[in-house]
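To start, the structure itself, in structure tokens.
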Amino acid sequence: MTLQFQTPRGTKDILPGEMPKWHYLEHVLRDIFTKYNFREIRTPVFEDTDLFARGIGGTTDIVQKEMYTFLDKGGKSYTLRPEMTAPVVRAYLQHHLGQTKALQKMYYIAPMFRQERPQAGRFRQFHQYGVEIMGTQAPLADVEIITVGVEFLRRLGLKDIHLKLNSVGCLVCRPVYKLELQNQLRPVLEQLCGDCRNRFHTNPLRILDCKKENCRALTEEVDPIDNYLCDECKSHFGEVKALLTEVKIPFEPDKRLVRGLDYYTKTAFEIITDQLGSQDAICGGGRYDMLAKEIGGDAVPGVGFAAGLERLITVMDKAGLFPETDPHLDLYLIGLGDAARSWVYRTAMQLRRNNLICEIDYQQRSLKAQMREANRLNAGFTAIVGENELKNGSIPLKKMETGEQSDIPIEVFAGEIIKSVGRS
RNA sequence: GUGGGAGUAGCUCAACUGGCAGAGCACCAGGUUGUGGCCCUGGCGGUCGCGGGUUCAAGUCCCGUCUCUCACCCCA
């Protein structure tokens with residue numbers, strides 16, 4: 001069958017059958033975020049295009065080629081959000097959240113949009129969860145962010161995850177390092193790949209991140225940024241590492257980790273898994289002390305991460321880490337004949353009001369069909385009601401697992417069921 | 001945006017060098033006129049992704065296109 005309408009390229013329906021996985025992850029996320037005292041924030045799915053252009057940075061791939069941008073009827077340019085940090089900072093500034101509380105700790109679980117070629121672990125609409133702490137430069141805030149991300153993955157039971165850590169400096173020291181990098185690479189500039197030759201001018205730090213064998217070799221001997229960090233960045237980075245060690249969160253310093261968004265300062269980190277192939281980053285984040293100012297507000301420091309739910313689900317599936325979900329019914333009520341169906345319907349309503357999960361047949365199907373349905377729905381019990389039962393005033397209740405059957409007087413049926421099958 | 005692989009029933013897949021489009025599972029019904037799962041029997045279900053071309057004849061060959069998939073770029 002060829003349907004005229006299908007999900008747009010790179011998008012997916014999340015069908016009822018897979019929803020338990022999403023609910024499970026969302027439940028654990030909210031639970032752990034709440035314990036760390038983060039509160040949820042929701043912002044519009046689209047924003048002023050300039051918010052992203054300026055916030056994320058004009059030279060980034062996200063802005064240059066991945067944004068879903070459209071004009072509204074007034075000719076104004078909007079963009080479906082490709083990430084959530086810029087909108088959160090925008091909301092923080094717009095609502096003067098810094099005035100009401102010194103520190104804002106926020107989390108989100110929300111869809112994002114990027115117009116890229118779909119691939120394993122990459123979609124055009126995907127979901128991210130993330131946290132942000134705004135209003136402090138304290139290294140402990142960085143560590144809290146990293147901790148909450150790692151703790152979540154640990155609680156899910158994930159093994160084989162690696163935390164990669166670096167500092168990308170600040171406005172004081174990064175320009176110095178950029179120049180130094182250019183000086184050191186200039187002699188080999190012609191040997192770098194085409195992308196890297198461009199990066200040499202636009203964003204030399206990204207050359208370190210190139211995955212090409214040749215480029216990596218050429219940059220192997222380059223001085224790491226550590227040697228050029230200003231005193232403040234150096235001590236900040238040192239403290240982050242010390243605190244992580246203190247709370248026993250293993251990390252791997254990675255001088256090549258620079259991240260693709262321009263707004264990062266100081267701490268940058270990624271959590272990767274070796275189960276995912278080339279899209280191995282499962283969580284990425286860092287500090288962004290210049291972002292608020294960049295989008296036109298006061299300078300407000302912040303730190304946060306974003307992580308992808310679809311990728312996480314892939315990893316969880318591979319590792320078999322989702323708990324067995326056992327969708328079931330407490331009771332399937334079978335009605336045969338008009339009078340019985342009416343009784344069954346009224347009884348089902350009464351039981352549902354008392355917190356039992358009940359189902360009935362809508363289509364006057366045969367007893368066999370209804371039994372089959374009860375079995376398929378994994379019903380704990382089935383009650384079979386026809387003319388005889390109404391006449392005799394006695395309802396047979398069948399325990400599906402064992403097949404044993406007992407009769408319950410019709411006038412006390414609901415009460416007995418609520419008592420014996422129901423939960424408090 | 002660039003390159004490789006793939007699209008046949010709801011799902012997983014067959015169909016030789018072009019010659020009537022199939023199986024398993026699932027679904028529905030019957031065997032059992034009021035008792036699920038197991039078993040048996042039958043049934044429903046396809047514009048072979050879409051469009052064009054070659055041919056007496058195309059699921060099969062050619063071109064285009066869409067989608068999926070993998071990789072590059074980059075990212076969650």
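Treat the numbers as computed from the prediction; the structure is a model and nothing was measured. By convention in this document, chain letters (A, B, ...) are assigned in the order of the sequence lines, proteins followed by strands, and residues within each chain are numbered from 1.
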Can you run down the side chain to side chain donor-acceptor pair (under 3.5 Å) pairs that involve residues 45-55 of chain A, sequence neighbours left out, and say none if there aren't any?
Glu47(A)-Arg90(A), Asp48(A)-Lys76(A), Thr49(A)-Ser77(A), Thr49(A)-Thr79(A)
Please work out if Gln125(A) contacts a base, only the sugar-phosphate, or nothing of the nucleic acid, heavy-atom cut-off 4.0 Å.
nothing
Dot-bracket notation for RNA chain B is requested: 5' to 3', Watson-Crick or G-U wobble pairs only, both distances under 3.5 Å, with ( ), [ ], | and . as defined.
(((((((..((((.....[..)))).(((((.......))))).....(((((..]....))))))))))))....
In chain order, what residues pass the salt bridge (charged side-chain N to carboxylate O under 4.0 Å, His left out) check against Lys241(A), with sequence neighbours excluded?
none
Sequence-distant partners of Ala383(A), side chain to side chain contact (heavy atoms under 4.5 Å, CB included), two or more places apart
Leu331(A), Leu333(A), Ile395(A), Leu397(A), Phe413(A)
Record whether the side chain of Glu389(A) comes under 3.5 Å of the base of G34(B) through a donor-acceptor pair of N or O atoms.
yes
Tell me which pairs pass salt bridge (charged side-chain N to carboxylate O under 4.0 Å, His left out) where either residue lies in residues 375-386 of chain A, with sequence neighbours left out.
Glu373(A)-Arg376(A)
Non-neighbouring partners of Phe33(A) that pass ring-ring contact (aromatic ring centres under 6.0 Å, His included), sequence neighbours left out
Tyr107(A)
For nucleotides 37-44 of chain B, give me every protein contact, N/O to N/O, under 3.5 Å, one pair per line with atom names.
unit_1: G37(B); atom_1: O4'; unit_2: Asn375(A); atom_2: ND2; d: 3.2

Salt bridge (charged side-chain N to carboxylate O under 4.0 Å, His left out) partners of residues 385-408 of chain A, not counting sequence neighbours, each pair once:
none
Gap between atoms CD and C1', on Gln119(A) and C73(B) respectively (whole Å)
9 Å
What I want to check is whether an N or O donor and acceptor connect the side chain of Gln405(A) with the base of U35(B) at under 3.5 Å.
yes
In chain order, what residues pass the salt bridge (charged side-chain N to carboxylate O under 4.0 Å, His left out) check against Arg341(A), with sequence neighbours excluded?
Asp338(A)
With heavy atoms under 4.0 Å as the rule, sort Ala374(A) into base, sugar-phosphate or nothing.
nothing
Can you list every pair that meets side chain to side chain donor-acceptor pair (under 3.5 Å) and has a residue in residues 11-23 of chain A, with sequence neighbours left out?
Lys21(A)-Asp317(A)
In plain terms, say whether Arg256(A) and Asp209(A) are close enough for a salt bridge, that is, a side-chain N and a carboxylate O under 4.0 Å apart.
no
Considering every strand and a 4.0 Å limit on heavy-atom distances, what is the contact class for Glu66(A): base, sugar-phosphate, or nothing?
sugar-phosphate
Give me, pair by pair, the N or O atoms of the protein and of nucleotides 4-7 of chain B that are less than 3.5 Å apart, along with how far apart they are.
none

Salt bridge (charged side-chain N to carboxylate O under 4.0 Å, His left out): pairs with one or both residues in residues 182-194 of chain A, sequence neighbours excluded
none
